[in-house]
Amino acid sequence: MVIRKHVQTGLVAILLLLSSWASADTQFRLIIDASGSMLISDPDKLTAESLKLISDLAPEEQATLGVWLFGEQARVLLPEARVNSATKARLSQAVSSYTPGDLKTDLESIVRMLLDTPDEGDLEPGFERHWVLVTDGMVDVSLDKSVNDASRSRILNELATQLAERGIHLHTVSMTSYADKELLQSVSTLTDAIYTEVATPDEMLDTFDRIFSQAAPSEEVPFEGNTFFIDDAIEEATLLIFNEEGETPVIYRPNGERLNLSAVNVSAVTASHYFLATIAKPDVGTWRVENVDLARSNIRVITKLSAQTTQVAPVVFINEPIYSTLGLFQDNQQIEDPELLNLVEVRQRLNLLSGESTKQLLQTPLALANNQFKNKIEQISEEGNYELISEVDGKTFVRKVSQFFSVAKPITLQAEQQNENLVLFSAKPTNLRLNMLRSNARLIITSSGGAEQTLDMPLIGEGFWQKVYPVSPNSSVTAHVHVIGITQTGMRFEYDTPPWYLTRDGAGEVTVSRTQASADSSVIAALATANRELTPVVVTPQVAIVSEAELSEEESAANAATTEQAEADAAEADEPEATDAEPSELTTADWVLYGTLNGIAIVVLAAGYLIFRQIRRKRKQKVEDELDV
């Protein structure tokens with residue numbers, strides 16, 4: 001009975017986590033920078049083509065789409081409406097008619113305008129809100145820097161908080177390195193969205209494809225070279241093919257004939273840099289494509305035999321573990337036949353996405369436990385955008401699930417000078433997934449001699465931690481915060497912020513700096529010695545296969561047992577650490593080692609002394625012989 005209860009609880013948890021696969025209406029609001037610099041950043045108007053891609057991918061009558069421009073003032077390019085053939089036609093005309101040319105970049109006004117704009121299209125209750133903002137600049141509303149800074153602050157605090165509280169995902173895309181990356185990334189992280197910096201306009205299409213995949217996840221079949229296999233459980237296949245401008249992609253059916261784009265069961269869209277074809281009831285067998293960028297293209301399918309995975313949070317914190325579970329479903333019923341499941345192979349790949357390049361961090365098979373395939377990924381220590389790919393080989397069928405997420409630091413640490421000797425430290429969460437009441441933050445002060453002082457940081461309301469630290473005259477110290485974090489789902493992790501450097505000459509004012517160049521060299525040496533964990537080393541994510549014995553514990557991370565343990569961990573972190581650690585006792589092996597080394601040293605010294613005496617004796621004898629002569 002106990003085992004059955006655990007299994008049933010696990011299945012219920014899995015089904016709840018798989019709820020993201022249920023179809024839901026989606027609102028897409030696209031916000032485009034209309035400043036004159038966009039003519040240089042995007043000369044081929046790939047931004048406009050990316051807007052068309054969203055409308056082509058969005059399911060008709062199940063999504064709304066609207067386009068707004070911002071520059072000197074906010075304005076509507078395409079009023080929000082349900083996606084259908086008429087909306088797509090209006091969008092195509094609208095994006096081809098506007099020309100960027102504004103002299104300013106008033107980002108605040110467009111965000112306020114959209115927050116005040118009512119929803120259109122009568123979407124079903126519980127619909128997803130995904131807004132996409134594209135810009136190549138920064139907040140530029142005045143020649144007065146203080147005015148721009150005030151507007152930026154209101155976006156970062158007031159407006160971003162409103163977006164997060166209303167469940168709006170604001171994906172941001174910067175077209176150049178001159179854009180305000182910190183602002184855009186902070187807003188996207190807070191709103192569970194993707195921030196992307198594109199190096200070339202060509203990357204815009206891939207970025208919009210990833211944003212759509214996160215907004216409306218779907219199942220895929222993988223390419224095998226330039227072929228792909230369709231089995232009899234697949235009811236519909238949508239090929240999104242990226243190609244070089246001027247090339248015409250070609251699709252061949254299993255019988256070797258070229259796909260007729262005018263066939264009754266085929267609908268196709270052709271653009272300059274992509275080709276989209278949806279095939280209802282596709283032929284069973286191996287299909288082939290030509291003139292296709294295979295690394296960027298994909299095949300989305302609707303199928304009765306599906307591979308479904310637990311949802312990865314849109315934003316994952318540095319060092320937060322990821323538990324991934326994959327189950328096979330036939331007509332929405334989980335397959336539990338051991339003989340069938342033992343024939344299935346499942347592998348996962350984790351990729352770090354950086355511009356046009358993709359870096360594979362791991363590839364591992366998944367173990368079968370309780371009729372599900374399981375994996376654990378931990379110690380992802382580099383910020384950025386990631387793709388987790390799960391591939392299923394069922395011998396007679398293949399499936400692929402791509403999940404996109406961002407890895408971000410859980411808090412930001414700010415240090416501000418209050419007067420000549422006081423520094424105010426504020427640690428603020430970057431995402432609402434961090435459970436502030438159950439997490440703990442400690443301020444670590446490291447002196448120039450390497451001694452550490454640990455100070456608890458009080459929680460101000462439920463919003464952030466804060467601590468005032470007095471800097472003594474003629475002192476140089478570093479400061480960072482160590483967080484023992486608990487997420488809203490009970491996941492535990494630890495994180496150390498980058499350091500701040502504090503110096504005070506005599507009784508003068510304290511200097512607060514982010515850079516080592518402004519800090520005392522002794523402080524830097526002390527930090528390197530006493531805080532090696534802060535060294536910026538990227539740790540390759542480690543993979544641990546989850547065993548059956550660990551199943552119930554992993555799948556119930558938010559249950560009472562885990563809650564008590566997490567709270568116990570946080571409570572333990574509340575206790576100040578001793579600044580002077582007691583020396584550990586030496587073992588017998590240590591004594592033998594030290595004795596041997598000391599003996600060798602004594603022998604070397606004695607030999608050296610004897611050689612020295614012999615040389616001295618010879619020199620003395622030589623002198624006496626010369627005197628006798």
Side-chain angles (χ1 to χ4, degrees), residues 152-153 156-157 160-161 180-183 185-190 195 315-320 381-383 406-418 421-447 452-471 475-487 493-504 510-520 523-524 526-528 530-537 570 573-574 576-577:
R152 183 182 186 276
S153 178
L156 194 57
N157 298 296
T161 301
D180 192 338
K181 175 180 177 179
E182 183 180 355
L183 171 65
Q185 188 172 24
S186 296
V187 174
S188 289
T189 299
L190 184 63
Y195 163 76
V315 175
V316 175
F317 297 132
I318 290 177
N319 296 334
E320 179 188 350
S381 58
E382 184 175 358
E383 289 186 89
S406 299
V407 173
K409 52 192 176 185
I411 65 168
T412 58
L413 177 63
Q414 296 296 324
E416 298 180 27
Q417 178 189 1
Q418 296 295 289
N421 73 317
L422 296 181
V423 177
L424 176 64
F425 291 96
S426 300
K428 299 182 179 180
T430 61
N431 187 278
L432 300 181
R433 289 185 61 246
L434 184 63
N435 190 325
M436 301 293 290
L437 295 177
R438 293 176 57 196
S439 301
N440 175 268
R442 294 172 296 174
L443 180 65
I444 312 296
I445 304 295
T446 305
S447 69
E452 285 191 355
Q453 180 183 9
T454 302
L455 304 172
D456 289 332
M457 297 187 72
L459 182 61
I460 308 301
E462 298 182 14
F464 56 94
W465 293 286
Q466 204 168 66
K467 184 72 176 180
V468 175
Y469 178 76
V471 181
S475 64
S476 298
V477 299
T478 62
H480 75 278
V481 168
H482 178 75
V483 172
I484 297 180
I486 308 293
T487 68
F493 65 95
E494 297 188 27
Y495 172 75
D496 289 280
T497 66
W500 283 88
Y501 302 89
L502 315 177
T503 58
R504 188 181 180 198
V510 62
T511 301
V512 181
S513 175
R514 275 281 197 195
T515 60
Q516 293 184 354
S518 302
D520 185 83
V523 178
I524 299 173
L527 180 69
N531 293 294
R532 286 187 173 90
E533 70 273 12
L534 297 182
T535 305
V537 177
D574 288 335
E577 294 182 353

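Please read all numbers here as calculations on a predicted model, not as lab measurements.
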Next on the checklist: Could you report the tightest heavy-atom contact between Ile318 and Ser381, atom names first, then the distance?
Outcome noted: CG2-CA, 3.8 Å
Checklist outcome for this item: Smallest heavy-atom separation, His482 atom then Asp496 atom, equals ND1-OD1, 3.0 Å
Checklist entry - For Glu182, does the CD atom sit with more than 12 other heavy atoms under 6.0 Å from it, leaving out its own atoms? => result no
Checklist outcome for this item: What one should report as the nearest heavy-atom pair of Ile411 and Ala427 is CD1-CB, 3.9 Å
Next on the checklist: Can you list everything that forms a ring pair (Phe, Tyr, Trp, His ring centres under 6.0 Å) with Phe493? Sequence neighbours excluded, please.
Outcome noted: Phe317
Checklist entry - What's the spacing between Phe425 CZ and Ile445 CD1 if we round to 0.5 Å? => result 5.0 Å
Checklist entry - Is there a side chain to side chain contact (heavy atoms under 4.5 Å, CB included) between Gln453 and Tyr469 once you walk through the steps? => result CA-CA 11 Å; Gln453 180 183 9; Tyr469 178 76; 3.8 Å; yes
Item to check | Point-to-point distance, once rounded to the nearest 0.5 Å, from OG of Ser447 to CG of Leu502 | outcome: 12.0 Å
Checklist outcome for this item: Minimal heavy-atom distance between Leu413 and Ala479, with the atoms involved, is CD2-O, 4.5 Å
Checklist outcome for this item: When rounded to the nearest 0.5 Å, the distance separating CG of Leu183 from CZ of Arg152 is 5.0 Å
Next on the checklist: Please check this pair: side chain of Asn319 against backbone of Glu494, looking for a donor-acceptor N/O pair closer than 3.5 Å.
Outcome noted: yes
Checklist outcome for this item: For Val423 and Val471 the tightest heavy-atom approach is CG2-CG2, 4.1 Å
Item to check | From Ile444 atom CD1 to Leu455 atom CG, the distance as rounded to the nearest 0.5 Å | outcome: 7.5 Å
Please set out all donor-acceptor pairs under 3.5 angstrom arising from side-chain atoms of residues 428-435, sequence neighbours excluded.
{"residue": "Thr430", "atom": "OG1", "partner": "Lys409", "partner atom": "O", "Å": "2.6"}
{"residue": "Thr430", "atom": "OG1", "partner": "Pro410", "partner atom": "O", "Å": "3.3"}
{"residue": "Asn431", "atom": "OD1", "partner": "Arg433", "partner atom": "N", "Å": "2.8"}
{"residue": "Asn431", "atom": "ND2", "partner": "Thr189", "partner atom": "O", "Å": "2.6"}
{"residue": "Asn431", "atom": "ND2", "partner": "Asp192", "partner atom": "OD1", "Å": "2.8"}
{"residue": "Arg433", "atom": "NH1", "partner": "Val315", "partner atom": "O", "Å": "3.0"}
{"residue": "Arg433", "atom": "NH1", "partner": "Glu320", "partner atom": "OE1", "Å": "3.1"}
{"residue": "Arg433", "atom": "NH2", "partner": "Glu320", "partner atom": "OE2", "Å": "2.7"}
{"residue": "Asn435", "atom": "OD1", "partner": "Leu437", "partner atom": "N", "Å": "3.2"}
{"residue": "Asn435", "atom": "OD1", "partner": "Arg438", "partner atom": "N", "Å": "3.3"}

Checklist entry - Is there a side chain to side chain contact (heavy atoms under 4.5 Å, CB included) between Arg514 and Tyr501 once you walk through the steps? => result CA-CA 6 Å; Arg514 275 281 197 195; Tyr501 302 89; 6.0 Å; no
Item to check | Contacts of type ring pair (Phe, Tyr, Trp, His ring centres under 6.0 Å), residue Tyr195, not counting sequence neighbours | outcome: none
Checklist entry - Is the side chain of Ser426 donor-acceptor paired with the backbone N or O of Gln466 at a distance under 3.5 Å, no angle test? => result no
Item to check | Inter-residue atom distance Glu452.CD - His480.NE2, 0.5 Å rounding | outcome: 6.5 Å
Checklist entry - In Å, rounded to the nearest 0.5 Å, how long is the span from CG of Asn157 to CG of Leu190? => result 9.5 Å
Item to check | Contact summary for Met457 and Trp465, nearest pair of heavy atoms | outcome: O-CD1, 3.3 Å
